[in-house]
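Okay, structure first, notes after.
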2 protein chains.
Amino acid sequence: MSIRNPKQALYEQFAIVAKALGHPLRLEMIEHLAQGARSVEALAAKLGQPVANISQHLQALRRAGIVSAERDGKFVHYSLADDSVLSAFASVRGVAERRLAEVDRIVRGYFDARDDMRPVTRGELQTLMRDGLVTLIDVRPADEFALGHVPGAINVPLGEIKAWSAGTDASKEVVAYCRGPWCVMSFEAVAALRSLGHPARRLEDGMPEWKAAGLPVEVADRE
Amino acid sequence: MSIRNPKQALYEQFAIVAKALGHPLRLEMIEHLAQGARSVEALAAKLGQPVANISQHLQALRRAGIVSAERDGKFVHYSLADDSVLSAFASVRGVAERRLAEVDRIVRGYFDARDDMRPVTRGELQTLMRDGLVTLIDVRPADEFALGHVPGAINVPLGEIKAWSAGTDASKEVVAYCRGPWCVMSFEAVAALRSLGHPARRLEDGMPEWKAAGLPVEVADRE
DNA sequence: TCGTCATTCAATAATTCTATTGAATGACGA
DNA sequence: TCGTCATTCAATAGAATTATTGAATGACGA
């Protein structure tokens, strides 16, 4: 390593963090780890990737101080190092949202552009829930729901939307949320519900943001 | 390009932004552009880099929506696309600060570790300035000072510290600031002043952050 | 102690990124 | 129209990153 002045050395340290965020798979990993700690194998299964690949990316994230690892017997559980990681992710997303027309095009192009995609804010949701005006569904897989969800939410994983909708009052509006503001599952849930004639909207963002906002989180009973 | 689902496509867009931030030189460029718009040549001169290299990096930043370009005759002036860029930079820095012990080591190792490096907050500074208890110096080059500085600050570029100090009341404390929270010039200014027997501290961060906090900025008269 | 299993390491080929060089572009002023 | 100058482009070589493969490590339980 060449001799560097402190200015260069500092920029290099900052760049290590940004570089670690600069890969789609690693960003997806971060979003998953934001739901709760995961072993390498569990994370690999969630993402449909080979274990060795996930392991290497996890170590890139660890070198950057983004995730931390804790060994538990044969397993190594990875989790986000602290909340600053989520805020860094959010601001990178913020630049992309505001600047890259592509992001908007992707969402509007893939889903039905004619529908009103305006999300429900957290504040609105709390009012609507208090008055019993909406049903809140958490469309993440059951294990993620169990690790923490919005109080009063029902867990309806994406694959069960149709069956669930059939046994529900189709006039009551549904609000769906999942892993984050751009988590595709809630878009798909809303699209599915609307095609079934069910009024539905997305929550503006997902579980980690709800928690980060200091709002109450309900955890499934252990056993 | 292969067929992607929208989830992958979104993560790729976010990764483009993070990847663009993932290079030390580009981060330094962003910090300079945060002081004000610059032509390619001016930026290259500031960074001591070949023009073609800077041009290429600027285009990488532009593709990511981080900077915007505006042609003015023969010159193309680049500037930060919006304030979300600064907040993204700040949160990447936040992860690095909190997680990378290396960053702290660099600063403490390079400068005199025995000195108290605790910075003055913006709030403290306003009180101290109002009561006339400190002299505030802006150690950036004159052209950056001219584009906007903290009201009441005196421009003392790094090379002029010694001469300036000689003609000043050595008992009055000096507060120094420059381009940002880790801008090395203010560390060096404080070290230089202290070695000259002048009490000195750093402001917690620099000009762009002052402006972003909504505080008043003084601009040099045009002429 | 040995086998099992989660994780990491090492080696690799393919791809992407980077800095440099020199030529091309495009706008201004003579 | 031509020369000048700021910027961009194109081509290159070198370096870094990535996914894959299979072997090594390290902890548990029999």
Side-chain angles (χ1 to χ4, degrees), chain A residues 1-2 4 8 11-30 32-33 36-64 66-79 143, chain B residues 1-2 4 8 11-30 32-33 36-64 66-79 143:
Chain A
M1 192 168 299
S2 64
R4 302 162 306 182
Q8 279 179 304
Y11 284 122
E12 274 171 31
Q13 295 303 316
F14 302 152
I16 286 171
V17 173
K19 204 177 292 188
L21 294 174
H23 191 287
L25 187 55
R26 287 197 290 265
L27 290 177
E28 195 176 354
M29 290 165 65
I30 289 171
H32 276 273
L33 291 177
R38 295 261 174 265
S39 69
V40 179
E41 199 178 30
L43 192 57
K46 286 260 178 202
L47 303 188
Q49 287 282 322
V51 171
N53 195 18
I54 294 299
S55 175
Q56 301 215 111
H57 281 299
L58 279 170
Q59 276 162 78
L61 289 172
R62 193 162 59 161
R63 278 193 297 274
I66 288 172
V67 306
S68 56
E70 196 179 348
R71 183 170 270 277
D72 174 25
K74 283 197 285 195
F75 297 81
V76 176
H77 290 285
Y78 282 90
S79 52
D143 62 317
Chain B
M1 193 168 299
S2 65
R4 303 161 307 180
Q8 281 179 301
Y11 284 121
E12 275 171 31
Q13 295 303 315
F14 301 151
I16 286 171
V17 173
K19 203 175 294 187
L21 295 174
H23 191 286
L25 186 55
R26 285 195 293 265
L27 290 177
E28 196 176 353
M29 290 165 65
I30 289 171
H32 275 273
L33 292 177
R38 294 260 174 265
S39 70
V40 179
E41 198 179 31
L43 193 56
K46 287 259 179 203
L47 303 188
Q49 286 282 322
V51 170
N53 194 19
I54 294 299
S55 176
Q56 300 214 111
H57 282 298
L58 279 169
Q59 277 163 79
L61 290 171
R62 193 163 60 162
R63 277 193 298 273
I66 289 171
V67 307
S68 56
E70 195 180 349
R71 183 171 269 276
D72 173 26
K74 284 197 283 195
F75 297 83
V76 177
H77 290 284
Y78 282 89
S79 52
D143 61 317

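Small disclaimer: the values here were computed from a predicted structure and weren't measured.
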Complementary nucleotide of C/dA13, counting Watson-Crick and G-U pairs under 3.5 Å
D/dT18

Short side-chain N/O contact to D/dA6 OP1/OP2 from B/Y78, under 4.0 Å:
no

Output the single nucleotide from D/dT7, D/dT8, C/dC28 whose closest atom is nearest the side chain of B/K74.
C/dC28

So, OP1 or OP2 of D/dT17: does either fall under 4.0 Å of a side-chain N or O from A/H57?
no

Under 3.5 Å for both donor-acceptor distances, Watson-Crick or wobble: does C/dA30 have a partner, and if so which one?
D/dT1

Can you say whether the rings of A/F75 and A/H77 are parallel (under 30°), tilted (30 to 60°) or perpendicular (over 60°)?
parallel

Considering only heavy atoms and no angle criterion, is a donor-acceptor pair shorter than 3.5 Å present between the side chain of A/Q56 and the base of D/dT20?
yes

Could you identify the nucleotide paired to D/dT12, looking across every strand shown and requiring Watson-Crick or G-U wobble geometry with both distances under 3.5 Å?
C/dA19

Can you tell me how far P of D/dT17 sits from CD1 of B/I16, to the nearest Å?
18 Å

Using a cut-off of strictly less than 4.0 Å, decide whether B/R71 has a side-chain nitrogen or oxygen near OP1 or OP2 of D/dA6.
no

Under a 3.5 Å cut-off for both contacts, is C/dA6 paired Watson-Crick or G-U wobble with anything, and if yes, with which nucleotide?
D/dT25

Using only side-chain N and O atoms of A/S55, determine if any of them is under 4.0 Å from OP1 or OP2 of C/dT7.
no

By the definition side chain to side chain donor-acceptor pair (under 3.5 Å), identify the one residue from B/R62, B/Q49, B/R26 that meets it with B/H57.
B/R26

In whole angstrom, give the distance that lies between atom CG of B/N53 and atom P of D/dT7.
15 Å

Write down the distance between CD1 (B/I54) and P (D/dC9), rounded to a whole number of angstrom.
16 Å

Do B/L43 and B/M29 have side chains that get closer than 4.5 Å, going by heavy atoms?
yes

Where B/S79 and B/A37 come nearest, the two heavy atoms and their spacing:
CB-CB, 3.9 Å

Please confirm whether the shortest side-chain N or O distance from B/H23 to OP1 or OP2 of D/dA16 is below 4.0 Å.
no

If the cut-off is 4.0 Å, is B/Q59 near the phosphate of D/dC9, judged by side-chain N/O to OP1 or OP2?
yes

Give the rounded distance in Å between these two atoms: CG of A/L61 and P of D/dT17.
14 Å

Could you tell me how far apart B/E41 (CD) and D/dT4 (C1') are, to the nearest whole angstrom?
13 Å

Quick one: does A/Q59's side chain have a donor or acceptor within less than 3.5 Å of a partner on A/S55's backbone?
yes

B/L58 atom CG is separated from D/dT8 atom P, nearest whole Å, by 7 Å

Whichever of A/P50 and A/D72 has its nearest DNA chain D nucleotide further upstream toward 5'
A/P50

NA contact type, B/A60, heavy-atom cut-off 4.0 Å: base, sugar-phosphate, or nothing?
nothing

Roughly how many Å is it from CG in B/L47 to P in C/dA19, rounded to a whole number?
12 Å

Report the distance from atom CZ of A/R26 to atom C1' of D/dT18, rounded to the nearest whole Å.
9 Å

Would you say B/R71's side chain and B/G73's backbone share a donor-acceptor pair under 3.5 angstrom?
yes

